[in-house]
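What follows is a single structure, written as structure tokens, with notes after it.
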Protein chains: 2
Amino acid sequence: MGEPVGADPDPAPSLSKAARTRSAIIEAALRLFREKGYDDTTMRAVAAEAGVSVGNAYYYFASKEQLIQGFYDRAGAEHRAAADPVLATERDLAARIMGVSHAWIDTMAPYRSFAGRFFANAAEPTSPLSPFSTESSPARTSSIALWRDVLDGSDTKVPRYLADELPELLWLAFMGTVLFWVHDASDDAARTKLLVTRTAPVIVRAIGLSRLPVLRATVADLVGLIGELKTL
Amino acid sequence: MGEPVGADPDPAPSLSKAARTRSAIIEAALRLFREKGYDDTTMRAVAAEAGVSVGNAYYYFASKEQLIQGFYDRAGAEHRAAADPVLATERDLAARIMGVSHAWIDTMAPYRSFAGRFFANAAEPTSPLSPFSTESSPARTSSIALWRDVLDGSDTKVPRYLADELPELLWLAFMGTVLFWVHDASDDAARTKLLVTRTAPVIVRAIGLSRLPVLRATVADLVGLIGELKTL
DNA sequence: GGCTCCTGTTGAACGCGTTCAACTTTTCGT
DNA sequence: ACGAAAAGTTGAACGCGTTCAACAGGAGCC
């Protein structure tokens, strides 16, 4: 390839030609998705906008659906950036959960019109875009790590027997929020924001209550069940 | 239409020609879906199998996706039939929940290979097939009614302040089960069955615990939130 | 019967996502 | 520097879901 020999693998100004073509296609796709939505954006248009042939676009992306992965990566990074200030300053757990969730809702706002279409594709179990698929395992891991940060940086003490599973549980709850958001047609995602605002304190209280003897056995059962389900 | 004047609206032996064509198409579609899956079944093949032209199939069904509605209706009825014996004999709430859930899993078993594809379509918010859409409101209502029966016929007392919302909450929890089932690749849906078996007693215990003063306020808050979310 | 609607019915045609044989360019061992 | 293998690139072609102008038949009215 046109890369200088021995250069560092991915310097921003001089990406390999292949990498540049790749991101030109994603760039074109996202622009068009935003302008005309997912369904009304044709692969022919994406290729033309990126200055390549249709066949070439398919050399880099196995399908139109795969272009969405590029969107995910970008959105994930944007979310991180928007969530970091909250995680750096706020110590109250409920506020951290709310802050990180709202950060996500805000970064996704520009894409809301067509993001529903995306997540529907992701809902199909055989799709590599599914948040539970092995293909999206890296994205999932880093997303769960984000929720671990939410917990770790807070002043709330988590019971030992919950500590390991709780980040994943928060992530799962957040996936529920995303599902709600997808179906939420209210202005400015007001309903989703209400859901988050009202749910976050309940989660914190539930964590506190999970120490109570009446609940402890039940909660421990559920945590054990999750472990079982993952290994079955 | 060819219907005798003043005849009862839909006598089984002599359906109107239109209705017969309609169900011939659904019949053909389901047969082919089962044989070759959703994606590998073409509308041309469905039309041929039903003995009509492609255009005619589109006269009765707005899209290939709409054929799925026929599948839903059928599956819903089958589930009812399979659940009724449980509801008629069993009084223990956990057993009723498990029985009705397992009945669903069993009736859906033959369709599992392609049902995931269906539910993915249903996950798209704008789709009329979405369980939350206005188009599927009748199916949703009757499904919630089923879960009301589950509660009403049991010997468990439900706190007043929960009684109104609980059937819908059980339905919602069951939608979660369905989502899990869609992603469950285990033999005979073993993981989903484990989930149901272990979750049902927890639900019953949670209903009992919801009377406790420590929890009551929180649970009431959540119930109130649901009400708010629906009206916003 | 003749006329007008409305309900059905048809298959060719359209635009789409995707594939593929053919071609060009780059890489790399010698 | 050379040549073969690998990587990149092309657009016509395929099969699909879907649309639509055109046509057929029956119901109701005169």
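Here is the naming used below: chain letters follow the sequence lines, and residue numbers restart at 1 for every chain.
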Within residues 26-34 of chain A, those residues having any heavy atom closer than 4.0 Å to DNA chain D are none
Given atom CZ of B/Arg20 and atom C1' of C/dT7, what is their separation to the nearest angstrom?
15 Å
For nucleotides 16-19 of chain C, tabulate all protein N/O to nucleotide N/O atom pairs closer than 3.5 Å, reporting atom names and distance.
residue	atom	partner	partner atom	Å
C/dG17	OP1	A/Thr41	O	3.3
C/dG17	OP1	A/Lys64	NZ	2.8
C/dG17	OP2	A/Met43	N	2.8
C/dG17	N7	A/Arg44	NH1	2.8
C/dG17	O6	A/Arg44	NH2	2.8
C/dT18	OP2	A/Tyr58	OH	2.7
C/dT18	OP2	A/Lys64	N	2.7
C/dT18	O5'	A/Tyr58	OH	3.3

Residues B/Glu135 and B/Arg140 bridged, charged N to O under 4.0 Å:
no
Grab the CD1-C1' distance between B/Ile25 and C/dG8 for me, whole Å please.
11 Å
Distance in angstrom units between B/Phe61 CZ and C/dG8 C1', rounded
15 Å
B/Ser136 versus B/Ser133, side-chain donor and acceptor atoms under 3.5 Å
yes
Are OP1 or OP2 of D/dG8 and a side-chain N or O of A/Tyr59 less than 4.0 angstrom apart?
yes
Tell me, with the steps shown, if B/Asp106 and B/Lys193 meet salt bridge (charged side-chain N to carboxylate O under 4.0 Å, His left out).
CA-CA 10 Å; B/Asp106 290 339; B/Lys193 283 179 177 171; 3.6 Å; yes
Find out whether the Lys NZ or Arg CZ of B/Lys64 is both under 6.0 angstrom from the six-membered ring centre of B/Tyr58 and within 45° of the ring's axis.
no
Can A/Ser127 and A/Glu65 be counted as having a side-chain donor-acceptor contact under 3.5 angstrom?
yes
Please confirm whether the ring centroid of B/Phe33 lies under 6.0 Å from the ring centroid of B/Phe71.
no
Residues A/Asp149, A/Arg96: salt bridge by 4.0 Å N-O rule:
no
Pi-cation contact, A/Phe61 with A/Arg22 (under 6.0 Å, within 45°)
yes
Any side-chain N or O of B/Tyr60 less than 4.0 Å from the OP1 or OP2 oxygen of C/dT7?
no
